[in-house]
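Shown next, in structure tokens, is the structure this report addresses.
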Amino acid sequence: MNGRAVAGLLVVAAFVLGVSTSLAMALVGLAATLPLVLLWSQRAAAGVLVTVATVLSLTAFQDPSYAGLIATMVALFRLGETSERLALACSIPCLALIVHAPVLALAPSAAMAGITWQARRKAQVSAAARDVIEENLLRRSAAGERARIARELHDVVAHHISMVAVQAEAARLATPGLPQAGADRLRAIGDTARSALTEMRRLLGVLREDTDQPERVPQPGLRELNALVDTARAASGGATRLILRGTPIALDPVAELAAYRIVQEALTNVRRHAPGAAVDVEFDYGGDALRVVVRDNGPAVETPIEGLGLVGMRERAYAVGGTLRTGALRGGGFMVEAILPGKTA
């Protein structure tokens with residue numbers, strides 16, 4: 001049963017019960033309940049009219065209309081959903097008449113229930129909107145980071161494919177007495193490498209921000225790690241250590257780039273959220289994988305909501321078949337741990 005049906009039943013009940021007593025009571029009951037039909041279009045006016053009619057009827061007759069009392073509670077609840085101050089203002093006169101109708105002691109509670117209900121609905125709507133915004137932001141961040149990774153992979157792989165083409169052509173021209181079959185094969189290798197490079201540029205060129213610019217140098221790798229740590233130490237003013245464990249293993253260029261970018265982003269996050277904190281950057285080579293850990297001794301914080309930097313690091317680890325784990329440390333600080341696979345045969 002909807003609200004309008006309830007209002008109609010209250011109007012009918014007020015009139016029938018009032019007629020059984022007197023015509024005046026019937027009219028009073030109608031005055032206290034009939035405005036309920038306006039609750040869905042003119043909520044403020046309906047709430048005020050119902051409350052005034054109830055107060056006047058009790059003042060004049062000292063005989064409550066029970067349908068009117070119910071209508072008053074409904075009106076105050078609905079009024080609380082619209083105007084907090086008006087609902088509380090309308091409930092105050094009711095308290096002066098509780099000697100005639102004790103149920104009116106619940107008038108402020110009805111108004112507060114409406115206010116609380118509306119506040120809860122607004123909070124739910126705001127939370128839902130915030131979740132949608134955060135989800136869209138993270139989705140766009142992940143897509144943007146994947147596009148950036150694709151551009152950087154293009155730089156790395158394009159460099160090596162170009163070298164294959166150049167070396168094949170140089171071998172064909174520089175090898176004296178090379179049989180024709182060998183020359184043809186070297187020419188085919190060069191042609192295939194150039195075709196692959198052209199196809200890669202066609203597929204990934206749309207993701208590059210500088211498609212009309214000359215090809216950039218290969219992206220940084222682990223050779224630039226010391227310089228990265230030195231730069232972070234100078235920028236933060238805190239102690240930053242690079243710790244190496246185990247026997248280094250060979251990594252694919254894209255995995256090296258991922259390790260470099262993860263460390264770079266982790267150090268940036270430390271400078272942003274825990275300036276001056278001491279940082280350890282650990283490279284632990286074990287078996288056929290590299291474990292990269294960046295931890296700081298900053299203030300104790302709760303695990304933050306997944307931000308754009310963490311999304312980017314996770315995308316990079318996943319792109320090379322690795323994993324990434326982040327979290328607050330017991331006693332203070334934050335840790336980023338990435339496991340990256342070694343070079344495949």
Side-chain angles (χ1 to χ4, degrees), residues 144-164 166 200 204 207-210 213-286 288-296 308-324 326 334-344:
E145 190 63 26
R146 284 194 292 270
R148 182 183 173 191
I149 292 171
R151 290 193 298 269
E152 293 182 349
L153 293 183
H154 175 273
D155 291 339
V156 172
V157 179
H159 172 76
H160 290 285
I161 293 180
S162 297
M163 290 300 298
V164 170
V166 169
M200 179 186 301
L204 300 181
L207 299 176
R208 290 175 58 90
E209 298 173 345
D210 57 341
Q213 300 297 326
E215 184 174 318
R216 295 177 290 185
V217 297
Q219 295 293 328
L222 299 186
R223 292 185 183 87
E224 290 76 23
L225 191 59
N226 281 323
L228 177 63
V229 172
D230 291 341
T231 301
R233 184 185 301 113
S236 66
T240 303
R241 299 189 303 174
L242 176 60
I243 303 171
L244 303 178
R245 293 191 176 95
T247 302
I249 60 174
L251 297 174
D252 288 321
V254 290
E256 282 198 25
L257 177 59
Y260 181 91
R261 293 300 189 198
I262 289 171
V263 172
Q264 184 182 46
E265 183 62 36
L267 291 175
T268 300
N269 286 344
V270 173
R271 290 199 301 272
R272 183 181 299 127
H273 301 294
V279 187
D280 283 345
V281 178
E282 300 181 13
F283 272 60
D284 188 357
Y285 295 94
D288 56 354
L290 167 64
R291 177 173 174 262
V292 179
V293 179
V294 181
R295 60 165 59 90
D296 65 79
L308 306 185
L310 298 183
V311 170
M313 287 189 280
R314 181 162 285 110
E315 289 292 334
R316 289 188 177 278
Y318 289 172
V320 298
T323 61
L324 186 127
T326 62
F334 196 78
M335 181 189 72
V336 174
E337 179 189 55
I339 307 295
L340 306 177
K343 187 173 184 178
T344 57

Smallest heavy-atom separation, Gly238 atom then Arg233 atom, equals O-CG, 3.6 Å
The reported gap from CD in Glu224 to OG1 in Thr231 (rounded to nearest 0.5 angstrom) is 11.0 Å
Residues Leu222 and Tyr285: closest non-hydrogen pair is CD1-OH, 3.7 Å
Nearest heavy-atom contact between Gly342 and Ile249 is CA-CD1, 3.9 Å
Query raised in the report: Please walk me through it: do Thr326 and Arg314 pass side-chain contact (heavy atoms from CB on, under 4.5 Å)?
Result: CA-CA 9 Å; Thr326 62; Arg314 181 162 285 110; 4.1 Å; yes
Practice item. Would you please test Phe334 and His273 for side-chain contact (heavy atoms from CB on, under 4.5 Å) and show each step? Key: CA-CA 10 Å; Phe334 196 78; His273 301 294; over 6 Å; no
Rounded to the nearest 0.5 angstrom, the CG-OH distance for Leu251 and Tyr260 is 15.5 Å
Handout entry: Asn269 vs Leu310 side-chain heavy atoms within contact, under 4.5 Å
Key = yes
Taking C-beta and beyond as the side chain, do Asn226 and Leu242 meet within less than 4.5 Å on heavy atoms?
-> yes
Quiz item: Would you say the side chain of Asp252 lies within less than 4.5 Å of the side chain of Val320, judging by non-hydrogen atoms?
Solution: no
In short, Val293 meets Glu337 closest at the heavy-atom pair CG2-CG, 3.9 Å
Review point. Under the side-chain contact (heavy atoms from CB on, under 4.5 Å) criterion, do Arg295 and Glu282 qualify, and how do the steps go?
Key: CA-CA 9 Å; Arg295 60 165 59 90; Glu282 300 181 13; 2.6 Å; yes
Quiz item: Going through the checks in order, is the side-chain contact (heavy atoms from CB on, under 4.5 Å) test met by Val279 and Val229?
Solution: CA-CA 10 Å; Val279 187; Val229 172; over 6 Å; no
Separation between OG1 (Thr323) and CZ (Arg291), nearest 0.5 Å, reads 10.5 Å
On a heavy-atom basis, the closest approach of Ala255 and Pro341 is CB-O, 4.3 Å
d(Ile262 CD1, Leu257 CG) to nearest 0.5 Å is 9.5 Å
Here the gap from Met313 atom CE to Arg261 atom CZ, rounded to the nearest 0.5 Å, amounts to 13.5 Å
Taken to the nearest 0.5 Å, the spacing of Thr240 OG1 from Asp230 CG works out to 9.0 Å
